[in-house]
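Encoded as structure tokens, the structure appears first; notes follow it.
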Amino acid sequence: MKLSFELNGKPATLEIEQRESLAEVLRGRCRLTGVKISCEAQVCGSCTVLVDGLPVSACTLLAYEVRGKRVTTIEGLAEESGRLHPLQQAFLDHFSFQCGYCTPGMILAAKALLDDNSVATDAEIVAHMNGNLCRCTGYLPILKAIRQAANEMRDEK
Amino acid sequence: MTTLSRFEIHQPASALEASQMLAHYGEDAGFYAGGTELLLAMKHSALNYRHLIDLKVVPGLNSIDVRNGFLEIGATSTHRSIERSALVEQHQPAMAEMESQVANVRVRATGTLGGNLCFAEPHSDPATLLLVLGGTVKIESAAGAREIPVGDLIAGAYASTLQAGEILTKITIPCAKPTHRSAYMKFQIHERPTLGLGLWLETPDDGRTFTSARVAVGCVCPFPARGLNAEKLLTGSCTEVEKRLPEATDAIADAADLLDDHEGSAEYKRHLIHVFLRRVFRKAIGEALD
């Protein structure tokens, strides 16, 4: 099938098979390897991307589902100038990763939250992020980074 | 990365056309409502459909309305849309809260309530609460429509009572009244809940006495079960009911087919019911949890 959608702010049209997951299309056809594959069961969150601003598991969502929609991956977050998104910068500032495998999914999940609720409390952040697993850092640096980014994103508005 | 076997997606214009498509393709076809469970089963070749009939494109199947004292939720409403619905929050807040805790944000953004119920995954939340809220489902096919209690939809683990060509189109829940108290709680340390417990009470005097009760348990057993014998024990004065909670625990545990599995022994699950029945009772009547 022909799939037309918006990918990181630019129109995209691809020929895909209906059985292909969004992760297969993004990684294999679009070479966006920031979409990380791990559990393949919608449990870990490493393959999180945003579809019309909502976090989804690209490993288990058919690419067919994004026809006409906006898809955002980690590659689409930084500005053209290279300036990082406040969440990316905050994850660096707080060293909120070690191996980094979960980081794209963490940042995109957090972006979905902060775009919707820029005054999220710690409890709301934890509830929202509880489906994104990290096996290196412990979660406190991640929480701190999201708090910092929330403050910056509010100030920028 | 797991690649699915080839299939073709079909887009019906109505529930009736979807039913006809399923009849046409027979066992080679399945309904596709959110995919959060279906696609996992297909990845593992537990299901091998060559045709998926996409119910999400059927107009009107994802509406949420209130009519004549009942909340009507279209089958392809996502967990997120129910969690965020002002109507659900206003008319059945226990449902909105339960939906806000289903799986994770990603599953809630794509998974649908109708799909969840038809899939009958044992470690799932919605059916357990719907049993105590008095939820019913509308089932349509070329032969007509029928409405059945949620309990009659679920035949067992991963099995519904839907016949070939039948589609679940709507979930109907009586709106909460000021005399109603209800709550759902779960216990979860793995990917899916180990225990889900739903409680509904009717109180004419703001929690001093309870004239009617419904309780259901899920996840610890192959499919959610009402604790009918426990429900009698959960009526009477608040003090009496609190004293009878241990007895009610046993009645709930006896009504469910408690499993020994990787989540724990049947004995452990009985203990969980004991702990959580007290908590869910406190939560339902608005008392602080210990």
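In what follows, chains are A, B, ... by sequence order, proteins preceding strands, each numbered from 1.
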Shortest non-hydrogen contact between [X] and [Y], atoms and distance:
X	Y	value
Pro55(A)	Ala109(B)	O-CB, 3.6 Å
Leu39(B)	Thr60(A)	CD1-O, 3.0 Å
Ala41(A)	Leu40(B)	CA-CD2, 3.6 Å
Arg19(A)	Phe7(B)	CA-CZ, 3.4 Å
Gln42(A)	Thr110(B)	OE1-OG1, 4.3 Å
Gln18(A)	Ile9(B)	OE1-N, 2.6 Å

Got a sec: does the [atom1] of [X] have more than 12 other heavy atoms crowding it under 6.0 Å?
X	atom1	answer
Phe223(B)	CZ	no
Arg154(A)	CZ	yes
Glu27(B)	CD	no

* To do: Examine whether an atom of Glu8(B) lies under 4.5 Å from a heavy atom of chain A, and if so say whether it belongs to the side chain, the backbone or both; otherwise answer neither.
  => both
* Quick one: what part of Ser100(B) sits under 4.5 Å from any heavy atom of chain A, side chain, backbone, both or neither? -> neither
Less than 4.5 Å to any heavy atom of chain B: does that hold for the side chain of [X], its backbone, both, or neither?
X	value
Ala109(A)	neither
Glu65(A)	side chain
Asp116(A)	side chain
Cys39(A)	neither
Ser57(A)	both

* To do: Using only heavy-atom distances, determine whether the side chains of Thr3(B) and Glu24(A) contain a donor-acceptor pair under 3.5 Å.
  => yes
* Asked: For the candidates Glu191(B), His44(B), Lys43(B), which exhibits the highest count of non-hydrogen atom pairs separated by less than 4.5 Å from chain A?
  -> Lys43(B)
* Do side-chain atoms of Arg106(B) reach the backbone of Gly131(A) as a donor and acceptor pair under 3.5 angstrom? -> yes
Got a second to check how far [X]'s [atom1] is from [Y]'s [atom2], nearest 0.5 Å?
X	Y	atom1	atom2	value
Leu61(A)	Thr36(B)	CG	OG1	10.5 Å
Thr2(B)	Ile37(A)	OG1	CD1	9.0 Å
Gln11(B)	Tyr64(A)	CD	OH	3.5 Å
Met42(B)	Leu62(A)	CE	CG	8.0 Å

